[in-house]
Structures are given as structure tokens and as C-alpha cells.
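Owing to the predicted nature of the structure, the values given are computational and were not obtained by experimental measurement.
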Amino acid sequence: MPLVLFSIKFYTSHDMSENKLLCAVVFLTSLVCLARSQGTGFVHSATLDADGRYNIKWGFDESTITFEAEVETKGYIGFGLSPNGAMASSDIVIGGVLNGNPYLVDYFTDSNREVQRDPQQSYRLLYGRENDTHTVLAFSRNLQTCDDNDKVITGSTVRVIWAFHAEDVGVSGPVYHGMNRGRKSVRLLNPGTSSSIPAGTAFFDLQNEKVPVPQKDTTYWCQIFKFPELKRKHHVIRIEPLIQKGHENLVHHILLYQCDSNLNKSEINWGHECYHPNMPDSFFTCETVVFAWAIGGEGFTYPPHVGMSIGTSIDPVYVQMEIHFDNPSLQRGIVDSSGLRLYYSPSLRRYDAGVIETGVWVSLYHMLPPGMQDYITEGHCTQECLQESLDSEMPSGVNVFAVLLHAHLAGRGIRTRHFRQHVELHPLASDDQFDFNFQEFQPLSQERLILPGDSLITECRYNTRGRINMTWGGLSTRDEMCLSYLLYYPRVNLARCESLPEISGQLKFIGVREIQEPVTTWPFVIKSPKKYSNLSFTEAMDKYRWTRKRGKAFNDVVRKLPMNVRCSKMGQDEWSIQGMIVSSPELKSEQASAAVVACRNNSQTQCEGSLSLLLTVCLLLILQTYLHMSTVISMSYIPVHTYHMSPLAPTIPNYCH
């Protein structure tokens, strides 16, 4: 549909037909409503480059998203949505201000990165301006455009790509942007929490001091800290990372554990490599996760009614900060001083927050065959664990308000599924476009009540194509995890609710008949059949000749195996269900995924509905202003096939494309 510009003329009332009056009302209603919607401002913002030259703001509703880009250039601006952060197969819009006139064109790139003009122009220019140094463009689009060349915008991670050039787009199209380009992962529809807190809020830092990072692939470094001594209860209201500049890709994640309050004070501020045979015994008393941060995250602000309690007898006194250093290039001579900053306040919130770790218990028993495009693992927070713990602690249930989804390099998608009486509800959280380098807490748009007897499944989708050996559950980023950390209130005595598929069924799949007993080594050793004799079970799994068909069959078997339950309290105590073997639950139904917009079939319905809504909401405003006038408005329209529009001129929403 071509863009239409309207020219407005004034006539006396007897020259105006009813149809023309209706057209005038609809048109003016559109302008008034659009102006009012734009007046709400842009709620979210992000800087896309390291030097602060490319900044975006955005806002959205249930069907539309609106952007404003401010870039340090007087030439063109490029903005796009990519499937993986690369240029190929991306959805791109390019615009600028040329001779005082803003312009905007919808493009896409094919698999060879060739830029092509999109036959369906789905992006709508709102306004544009420039000064001596910067260009500003505002534009909008539907979340679902019904165009195969456009990316559907969902609550999952989005790889935004950006570029700019000193020259505007000419007749031959945009010239190559050179090094003025980049990518950044964001969640456009679930962009995290605000960093805004009251001015003057007190804080304290938990920060390493010049830790030497070993010249090896993966290092976990643990250090003990003591919280400030407080005379009464306070609430931590925000936690943010303090990542040493230049180490943004080195520090993969930071976990904060509560330790035994009787810890030896001599070990305060003393660090040691985690999970090391020589690590002090007292470090093993630090079991309960109180906060988690992962790479790409910008910190978390608790909602106004919730905070992390400190200063009481059951609150953390000593904590262990665990930092995962990821050093795949084996750099030497690195010294790191990263950590966390905690803001706290004496103004108490209504509820104390807690953290529950759910998913797959980290173990070698969590294994992924090589060469798989989509391999699924499931970590169960079982009905039995939630029944026992919540019945004892909080029979009315707990409320989840944020979720951190965590996997490593093979991860492609994660969701935390929620079941009640074996019937699936809407997922707690999901990310179909998981990015290893962008992990942070997702605040829930609506808090979710978890009741005794509910169950959760953390489901991870992996891609192991290009790998020739098994991928194991473990600590390295080349190993895998499948976890979700739930922030909830009120706090109860439940730290971990996880599962692990029973090992015997996995060994049976590759033909193992017997293992050597008693088990004296780890990994344990196979006894028969002969082809696996004296091999560890990890060596036997690698020796098996995996194909995609066998990997798929293995996946089907593992998802139905009995599970070993992990159900632990804070500290080193456990609920009675811990260590028991339970059967995989039979689910009565699966919640249907969000309905895909029926683009063609519903286009007429959407048009009529949009116009009806406009008339209903704004008709009174129009009539109130214009009915008393002695003149009325008529209009004619002129099709315009150019996308150059006047600065600050609003566009007509294209409700029926």
C-alpha cells in the first residue's frame, strides 16, 4: 500500500458529505491518538557501542515497537535484527536526514550478506533531525510484520546489529560502512530492571584484589567476605557487577553463597581456587546461593516490595564470592579485581527474597552426544521436593518475580516450564535465542505463585554440531549446564531443587552390561562387554559410534529415565526426598506456544478492530473540538511513492497492510 499524504481544505458545512466527514474524523483521530501514544516517551535505552556513539531508546505495546536512534554521524544510520549477530539473513532498516528531509528504507540481507530492498516496507518513519554532530531518527514497526524478510520480535534475546556512515544513502544505495559497525544482544520486550535507586543509598563492595588468573581454560576463584555489621535489619535493594575494564569477556559469572555463621574469621578476605583438593574445609560450608550474575548482565534492582535481608540472625554474615574466569586463549599474566556492589537501605520492604537453583544437577551424568542440531535436556524440580519443602515452610506458596537462565556454549534455547497437577501452565521464563555472552535476570511481567505439589522443568536445547566427542555436564564453558535461578519471596528453607537422569539407563543404551565393583575411581570403570572393558564410562561413551539417528534415540530414552532428586536446604542440610529415585512424570497436556498471528486471514478483522478502537477512544475528543465550528473539513489524497518526509511529521499507522 503506498504511503498517502493528505491535503486539508476548509469548506462550509453544506458542501461536506457524510462520507467526507467520516474520513476527516478517522484521519484526525489517527493523528491525535498517535500523538498521544508518542507522548508517553521511550521507557528503555541502551548504548550499542563501546564509545557511546550509537544510542537507542525504545518503547512497545502488545503489537508495536518504536525506536529512537541517536548516532554521532551526519550520514546514514543502519539498524538491524540478526539471527546470530552476523550480517547474513538479517532484517535491516537504513535512514538519515538529507537536505533537511528525513528518509527511511526497509532492507534485508540474504545468506551471502547482499543488501536488498524489502518489497514490503514494514518500518514506519516517525521523525528525523540532525545537527552539526548527530543524527536522530525515530521509527516503528509491528512486532509481527507478516513479512518473511523481517524478524518476529518476541521476549527472547535479540541480536541487534548496527552501523553508520559519514555519507547519506545515494541513488545507488548505501555505501559500505567499514569499521563503524557492531552487535549487541538485548531483550527488547523484557529489558531487565531499572538501575534507578534513591540518591545517597549506602553500598558496600565485595571485590577481589589483584587475583592472578592462571594460564588455563577455566578457573573458578573463591573468596570469603564478611557483610557489614549492622545493629538492625536492612534490605539489599540492588546488586551490580564491578567488572575490571577490559575483562568483560574474561569474567563469565559470579555467584554469591551464604556461609556458616561460625566460620573461622581468619579466613575472611582470603581467596583460593574453588573445587581444589587443597581448598580449606570451611569453604565447603558455603552452599546456599543468595545471588547470581552472568556475563552481559548489567545488575538487578529488586522490586519495591522485596529485598535481600541482611543484619538478622538467619541472614548471611559471611559469604563466598565465586568468580568463573573463562580464558580459552590461555592468556598469561592476567590480574583481575572484579566483584559485586550491593546497595542497602534501612527502609524495609514487605518481603525477604530468596533464590532457588533449579535444573540439571551439575554432573558427568548430564551428557550430550556429538553432531546434534537440537538436543534437549530436562532438569526437574519435582512435585515431591516442592510438596515436602513448601508444605513445611510456606503452605500458601511462594512468588517468583525474576529468573536467570544459564547454560554454556552449546546452549541455544532455555525455558523454565511450570506444571500444576501435571498440567502445564505458561512458562515461568523462556529464551528461544539464548546467547552465552548475554545472561541476566529476567523480571517477570506478572509474578508467579508456586504451590506445594507444583513441579518445574528447566528445559535446555543444545547444538553440538562440529563436536566429535561427548559434551559433559561440568564447570568449564566447554562443558554444559542447564540451570535456572528463581528469585522469589517470602524466603523459605529451600536452596536447590534439581534432578539428574539415572546413569544405568544411559549406559545400557550403548550396550554396557556390567561395571567394576566396588567403585573406587571416578569416573567409574566398565567391566563388560569386552569392547568397553577397563574403560571409564566417559571413555566408553566417547568410543560409541554416534550418529544423528542414534543421538535422537538416546535423547528420547534419557528424557524418560527415572531421576535422582536433589532437594537441599540452606547450608548442608537436605530434605528427606534428597537422593531418592523418582519416575519421570506423565504430563497431561502441554501449554500451547503463543499463537502466531494469522496475517492474511485476519487482516480485515484487524483493520476493522483498529479503526473501531480509534473511533471509540478518540471520537469524543474530535467532536468536542469540531462540531461547534461553522466550517468543516474536507480532504483529498495524493499517492506518494517516496519515503522522504518532513522533519517531525507523524506517519499514518498502517493498520491494514
Side-chain angles (χ1 to χ4, degrees), residues 204-209 211 219-236 239 253-293 307-324 339-342 344 351-358 361-363 385 388-390 392-394 398 475 483 485-498 565-579:
F204 59 92
D205 294 342
L206 309 177
Q207 195 166 5
N208 289 329
E209 292 186 13
V211 171
T219 301
Y220 281 72
W221 183 262
C222 289
Q223 185 160 328
I224 303 292
F225 296 89
K226 186 179 182 181
F227 274 4
E229 293 186 7
L230 303 171
K231 294 182 179 180
R232 65 184 182 91
K233 179 175 179 174
H234 288 62
H235 270 139
V236 173
I239 303 178
H253 72 247
I254 304 176
L255 290 178
L256 204 60
Y257 296 91
Q258 181 173 343
C259 304
D260 191 316
S261 59
N262 297 317
L263 196 71
N264 188 335
K265 295 182 180 180
S266 66
E267 294 171 347
I268 298 174
N269 297 326
W270 189 50
H272 198 283
E273 188 170 344
C274 312
Y275 314 111
H276 190 279
N278 295 329
M279 191 172 82
D281 291 341
S282 57
F283 279 43
F284 292 100
T285 70
C286 309
E287 289 281 341
T288 303
V289 176
V290 294
F291 189 74
W293 171 90
M308 179 201 295
S309 178
I310 58 175
T312 77
S313 59
I314 63 172
D315 293 335
V317 176
Y318 302 103
V319 294
Q320 179 190 95
M321 185 173 70
E322 172 191 291
I323 296 187
H324 173 191
L340 296 171
R341 173 165 291 175
L342 288 77
Y344 65 106
Y351 299 106
D352 295 340
V355 179
I356 302 174
E357 180 182 286
T358 69
W361 192 342
V362 179
S363 167
C385 179
E388 180 182 12
S389 59
L390 295 186
S392 174
E393 293 278 319
M394 192 63 60
V398 297
L475 301 177
L483 298 170
Y485 292 91
L486 313 182
L487 276 176
Y488 73 95
Y489 69 87
R491 180 177 55 181
V492 297
N493 197 5
L494 177 62
R496 288 181 171 89
C497 184
E498 299 167 328
V565 174
R566 188 180 199 186
C567 188
S568 61
K569 299 180 180 181
M570 297 180 184
Q572 296 178 299
D573 295 332
E574 301 167 348
W575 291 98
S576 65
I577 190 67
Q578 169 92 4

Before giving the answer on side-chain contact (heavy atoms from CB on, under 4.5 Å), spell out for Glu357 and Glu498 the whole-Å C-alpha distance, their side-chain angles and the decisive distance to 0.1 Å. CA-CA 7 Å; Glu357 180 182 286; Glu498 299 167 328; 2.4 Å; yes
Please evaluate residues Ser568 and Glu287 with respect to the criterion side chain to side chain donor-acceptor pair (under 3.5 Å), reporting the C-alpha separation (whole Å), side-chain torsions for both, the decisive distance (0.1 Å), and the verdict. CA-CA 10 Å; Ser568 61; Glu287 289 281 341; over 6 Å; no
Let's go through Tyr275 and Cys222 carefully: what are the C-alpha distance in whole Å and the side-chain angles of both, what is the deciding distance for side-chain contact (heavy atoms from CB on, under 4.5 Å) to 0.1 Å, and is it a yes or a no? CA-CA 9 Å; Tyr275 314 111; Cys222 289; 5.5 Å; no
CA sep, side-chain torsions, deciding dist, call: Phe283, Gln223, side-chain contact (heavy atoms from CB on, under 4.5 Å): CA-CA 9 Å; Phe283 279 43; Gln223 185 160 328; over 6 Å; no
Give the intermediate values and the outcome of side-chain contact (heavy atoms from CB on, under 4.5 Å) for residues Leu340 and Asp205. CA-CA 6 Å; Leu340 296 171; Asp205 294 342; over 6 Å; no
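Ser309 is linked by a side-chain contact (heavy atoms from CB on, under 4.5 Å) to Lys233, His235, Thr312, Asp315, Asp352, Arg491, counting only residues two or more places apart in sequence or in another chain.
Residues Thr358 and Tyr485 fail the side-chain proximity criterion, which asks for heavy atoms closer than 4.5 Å. Residues Gln578 and Arg566 meet the side-chain proximity criterion, which asks for heavy atoms closer than 4.5 Å. At a threshold of 4.5 Å between non-hydrogen side-chain atoms, the residues Ile323 and Cys274 do not count as touching. Side-chain contact check for Trp221 versus Asn208: some heavy-atom pair is nearer than 4.5 Å. The shortest distance between side-chain heavy atoms of Ile310 and Phe204 falls below 4.5 Å. Taking 4.5 Å as the limit, every side-chain heavy atom of Leu256 sits out of range of all side-chain heavy atoms of Phe225. Contact check for Tyr318 versus Thr285: no side-chain heavy atoms found under the 4.5 Å cut-off. By the 4.5 Å heavy-atom criterion applied to side chains, His324 and Leu475 are not counted as neighbours.
Among all heavy-atom pairs drawn from Leu255 and Tyr257, the shortest one is CD1-OH, 3.1 Å. Listed here is the closest heavy atom pair of Gly339 and Ile254: O-CD1, 3.7 Å. Of all heavy-atom pairs between Glu273 and His276, the closest is O-CB, 3.3 Å. Among all heavy-atom pairs drawn from Glu393 and Asn493, the shortest one is OE1-N, 3.2 Å. Contact record, Leu494 with Tyr488: O-OH, 4.1 Å, taken as the closest heavy-atom pair.
Cys567-Cys497 SG separation is not under 2.5 Å; the pair is not scored as a disulfide.
With 3.5 Å as the limit, one finds a donor-acceptor pair spanning the side chains of Ser576 and Glu388.
Checking side-chain atoms of Thr288 against main-chain N and O of Gly571 turns up a donor-acceptor pair under 3.5 Å. Judged by distance alone, the side chain of Ser389 and the main-chain N or O of Cys385 form a donor-acceptor pair under 3.5 Å.
Considering CH2 of Trp575 and CG of Leu390, their distance stands at 8.5 Å, rounded to 0.5 Å.
Residue Gln572 qualifies as enclosed at atom CD: its count of foreign heavy atoms under 6.0 Å is above 12.
Of the candidates Glu322, Gln258, Arg496, Arg496 is the only one forming a side chain to side chain contact (heavy atoms under 4.5 Å, CB included) with Val289.
Aromatic rings from Tyr220 and His253 are positioned such that their centres are separated by under 6.0 Å.
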